[in-house]
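Note that this is a predicted model, so its numbers are computed, not measured. FYI, side chains are in, hydrogens and waters are out, and symmetry mates aren't considered; it's all heavy atoms of this structure.
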Amino acid sequence: MSDIRLRTLRAFSRTPSLRAAARRYAGTAAEPAALEQKATPAAGPKPKGHSVVDSAIYCDGSRVASPESLADTYQVLHESPKSLAWIGLYRPDRRELTSLAQEFDLHELAIEDAIQAHQRPKLERYGDTLFVVLKAARYRDATEEVEFGEVHVFVGPDFVVTVRHAEAPNLAAVRRRVERDPELLRRGTEAVLYAIMDKVVDGYAPVVAGLENDIDEIETEVFRGDPKVSRRIYELSREVIEFQRATRPLVGMLDSLRAGFDKYGVDEELQRSLRDVADHVTQVVERVDAFRELLRDILTVNATLVAQQQNEEMKSLTVASNDQNEEVKRISAWAAILFAPTLIGTVYGMNFDAMPELHWQFGYPFAVGLMAMVCGGLHLIFKRRGWL
C-alpha cells in the first residue's frame, strides 16, 4: 500500500464517523479489480435534504473513499491534501449549495445559476474555479422528440461538483469511465471536466441521426401531400433551434478553454482530447445548421405545393362554375323560347266570348305562325350570343 494511502487511512481512523469508510477502503485497496467493478450509485431523485448521488475521493488516479455526506467529504479532502473530490448532486436545495459555496469559495452568481437552472450553455471563470453549464440531449424514438437536460459543473484545483436537474446526462457512466482510467484521473480536475463534456457531446450523435431521419420522413410527406406535414415541420424546426442553442455555444466555450491551456498548464494529452471534443462539436453544429436551412427550404417547398394545390382546386371550381353557368344559360334560353307560345296559348285559352280574332277564320294559323315566329327569333338571338 502506498504512503499516500496509508496517510489517508490514518486520517480516517482519527474520525469516528469515517472509520467504517476506512475499513471499506482497506479492503478495496487490497483488491483493485473489485474496486473497478464497484457499481456507481444510480442517479435518481433522493429524499428531501439528501441530493448527493455519489461523492468520491480520488488519490493517485484511484478511488480511495466514498463519504456519505458533504461534511464527511470536506473532512476527508482536508486531511488528504493531494486528493481530488468529485461530488455529484441531483436537484440540490439552496442549503446544500450554500454549504458547497462556503467550503470551496464558489461565486454567489454561479450558485444562483445552479439553483435556478434553465441556463444557456456557458463557461465562466471565477478565480481558480471554472463554472460550466452544459445542455445534454437525447432522442426519444417513441415520441420522435428531443429531450434536453442540463448539468452545472464547478471545477476547482482539487474538486469537481456536478449539479443536475434532469435525468440526462448520465454521469454515472462518466464516473465509471474515469475510474477505469487512472491515467486520466491523474491529470486532475480538468480531466473530469473533459470526460463530462465528451459524454455530453457524444450524446448529440443519436440526436443528429434521429433528426435526420425525421427530416427524411417529412420530405416524403411533403411530396405525398400530407395535410398534417406543416405542423410537423414547425415542431421539428423548434426542436432543431433548441438543439442549435444547446450546441453552438460549445464552440466558443472550447475555444476559451484552449486559449487558457498554456496559462493554466493543462496536460498536453488532455489538450489533444479537448481538441477532439471541439472537432466533434463543430461537426454537430454544422449538421444542425444544415438541418435548419433544409427545414426552411422544405417549408418553402411545402408552401409552394400547397399554393399549387389550392390553385388547381380553384381552377377546378372555376371550370365547374363556368360549366354550370353555361347550363344555366341554355336552360334560361329554352325557357324564354318556350315562354312565347305558352303566353299566347294561355291568352287564347281563356274562355271569354268577346275576344279579338276569336271567331276569325285565320285566327288559328295566325296564332301558330306568331308562336313559330317569336320562338325562331329568340332562338336566333340566343344562338348568336352563344347561349345555345
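- Here the closest non-hydrogen pair linking E167 and R138 is CB-NH2, 3.6 Å.
- Closest of all the heavy-atom pairs between Y139 and V207 is N-CG2, 3.8 Å.
- Partner of L171 under the side chain to side chain contact (heavy atoms under 4.5 Å, CB included) criterion, out of D54, V153, V53, T162: T162 alone.
- Between Y74 and F104, the ring planes are perpendicular. Angles over 60° get that label, and only those under 30° would be called parallel.
- Between L77 and D158, the shortest heavy-atom contact is CD1-O, 3.9 Å.
- For the 3.5 Å distance criterion, the side chains of Q116 and H118 fail to qualify, holding no donor opposite an acceptor.
- No donor-acceptor contact under 3.5 angstrom links the side chains of D198 and S273, judged on distance only.
- Criterion: ILVMFWY side-chain heavy atoms under 4.5 Å apart, direct or through other members. Under it, F223 and I218 are part of a common hydrophobic cluster.
- The two residues P249 and P121 make their nearest non-hydrogen contact at CB-O, 3.6 Å.
- In this structure, a donor-acceptor pair under 3.5 Å is present between the side chains of E217 and N213.
- Aromatic ring centres of F243 and F291 lie farther apart than the 6.0 Å criterion allows.
- Within the 3.5 Å criterion, the main-chain N or O of A142 finds no donor-acceptor partner in the side chain of R140.
- Under the 3.5 Å distance criterion, with hydrogens and angles disregarded, a donor-acceptor pair is assigned to the side chains of D72 and S69.
- Taking the charged nitrogens against the carboxylate oxygens, R296 and E293 do have a contact shorter than 4.0 Å, which makes a salt bridge.
- For H78, the side-chain hydrogen bond (donor to acceptor under 3.5 Å, both in side chains) partners at least two apart in sequence or on another chain are E103.
- For the residue pair Q271/R258, the side-chain donor-acceptor check at 3.5 Å is not satisfied.
- Between V132 and the choices L193, V151, L257, the side chain to side chain contact (heavy atoms under 4.5 Å, CB included) rule is met once, by L193.
- Screening E112, H165, K135, E150 against Q119 for a side chain to side chain contact (heavy atoms under 4.5 Å, CB included) leaves a single residue, E150.
- Nearest heavy atom pair, residue P169 against residue A136, reads CD-CB, 3.6 Å.
- Using a 4.0 Å cut-off between charged nitrogen and carboxylate oxygen, E235 and R238 do not count as a salt-bridge pair.
- Counted by atom type alone, E68 and S55 present zero donor-acceptor pairs between their side chains at under 3.5 Å.
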